[in-house]
Chemist: 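I'd like to ask some things about the structure below.
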Amino acid sequence: MRQQYELTNYALIDLDAIARNVAALKARVGAAELWAVVKANAYGHGAVPTARTALAAGATRLAVARISEGAALRQADVSAPILVMGYHTPAEAEAAVAYDLIMTVNDDAFARALNDQARDAGKRMRVHVKVDTGLGRFGLLPDELPSFLQRLTHYRHLQLEGLWTHFATADERDKTFAHKQFAMFRYAAFLARDRFDIPILHAANSAAILDMPETWLDAVRPGIAIYGLYPSTEVNATVTLHPALSLISHVGRVRTLPPGASVSYGRTFIATRPTTVALLPIGYGDGVHRLLSNRGQTLIRGQRAPIIGRVCMDNIMVDVTNIDGVQERDEAVLIGPQGDDRITAEEVAAWAQTINYEVTTSLLPRAPRMYADVPP
Ligand SMILES: *Cc1c(COP(=O)(O)O)cnc(C)c1O
């Protein structure tokens, strides 16, 4: 039986599932280090508890997109090395030094600012350089790399530790482009290592961990897989993963409407028969996507209760005509298991025309994260 809380809405995070996922991924990659990607509030799961759990389960570092995310982990006394992967302006370099973050440097202006800040603080900062092998986002193109690395050697307060790239299509069945990206990265790294000391190479996201063993190198950077979700339906499930997040609400009031009555804004649902409607006080202000209007489903008493009418900011209405005995305070599940059924993040993603990543990441703070198994 699942732990219950006296809250109307909450996201229940199973930290034990996260620990098992990290351990299983680590077992798969063997000698490569596992760096847990906990950006965007750990894909909605809560950055600090997720980080602690992943580290206890074998992750050796954390990775985030923003300096602010690294700072928040430091403020919670997380002391593990933190790699910052995203783009930053020179003005943000001071915080990177203050919070001891391992920055990815992609340009001269940021490198100079980081070096100046490190010098002022009397520190030497490890840095990584990103190689753009085809994602077309940021990083150095392979032919820009040698001269950039040469210029980096002039910054006495920066120490080049790693070189990395990121795949555009590792989650697709056709790996042609991913292989091309990886070959380009290997070659760029081979040339660079001839002239510069670069201890760590890394490339693999969750999809590459599952499907492309040759890309594991010195470290892997799983995100979605540590939360128990697969990056797409096209990857092979070479590791068994356990979804960690459930989204729970409760029935507010239950009322039977006559034929012809309408439900919610815009009157997009009109009852064609006597319809028993349950109010769930959760809406897009909590992260329930409005595209679920007249399309999504919930679980009540182990059965499917479809969302009728538009999703509101604070409420949704569900049709419980076919479910016996629904009462106020009954649990309603929007993501996760109930009884013998389960609503997956992938199902919700299909209703909302998005991907599982966005479903969990878009949960808002008004639905508090509760932890089934708080780590020490
Ligand atoms: C988000 C991110 C990852 C993790 O990707 P998943 O598909 O969630 O495993 C890895 N590397 C970089 C650079 C990222 O931005």
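Counting starts at 1 for both ligands and their atoms, in listed order. Remember, it's a predicted structure, so these values are computed and weren't measured experimentally.
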Chemist: If the threshold is 4.0 Å, N to carboxylate O, is there a salt bridge linking Arg151 and Glu144?
Modeler: no

Chemist: Apply the salt bridge (charged side-chain N to carboxylate O under 4.0 Å, His left out) test between Arg301 and each candidate in Asp340, Asp341, Asp330; give the one that qualifies.
Modeler: Asp330

Chemist: Applying ring-ring contact (aromatic ring centres under 6.0 Å, His included) as the test, list every pair that has at least one member in residues 76-127; sequence neighbours left out.
Modeler: none

Chemist: Which heavy atom in Tyr284 sits nearest to a heavy atom in Leu364, and how many Å separate them?
Modeler: O-CD1, 3.4 Å

Chemist: Report the residues that fulfil ring pair (Phe, Tyr, Trp, His ring centres under 6.0 Å) with His166, sequence neighbours left out, ordered by chain and then residue number.
Modeler: none

Chemist: What protein heavy atom sits nearest atom 13 (C) of ligand 1, and how far away is it?
Modeler: Trp164 CZ3, 3.4 Å

Chemist: For atom 9 (O) of ligand 1, what is the closest protein heavy atom, and at what distance to 0.1 Å?
Modeler: Ser206 OG, 2.5 Å

Chemist: Below 3.5 Å, N or O to N or O, backbone or side chain included: is there any such pair between Gly223 and ligand 1?
Modeler: yes

Chemist: Say whether His202 and ligand 1 are in contact under the criterion: heavy-atom distance to a ligand atom below 4.0 Å.
Modeler: no

Chemist: Please state which option from Tyr43, Phe167, Trp35 has its nearest heavy atom closest to atom 4 (C) of ligand 1.
Modeler: Tyr43

Chemist: State plainly whether the residues Arg273 and Asp319 are in salt-bridge range, i.e. N to O under 4.0 Å.
Modeler: yes

Chemist: Which ligand 1 atoms are under 4.0 Å away from a heavy-atom of Ile224?
Modeler: 6 (P), 8 (O), 9 (O)

Chemist: Purely on distance, is any nitrogen or oxygen of Arg221 under 3.5 Å from one on ligand 1?
Modeler: yes

Chemist: Quick one: nearest non-hydrogen protein atom to atom 2 (C) of ligand 1, plus distance?
Modeler: Lys39 NZ, 2.5 Å

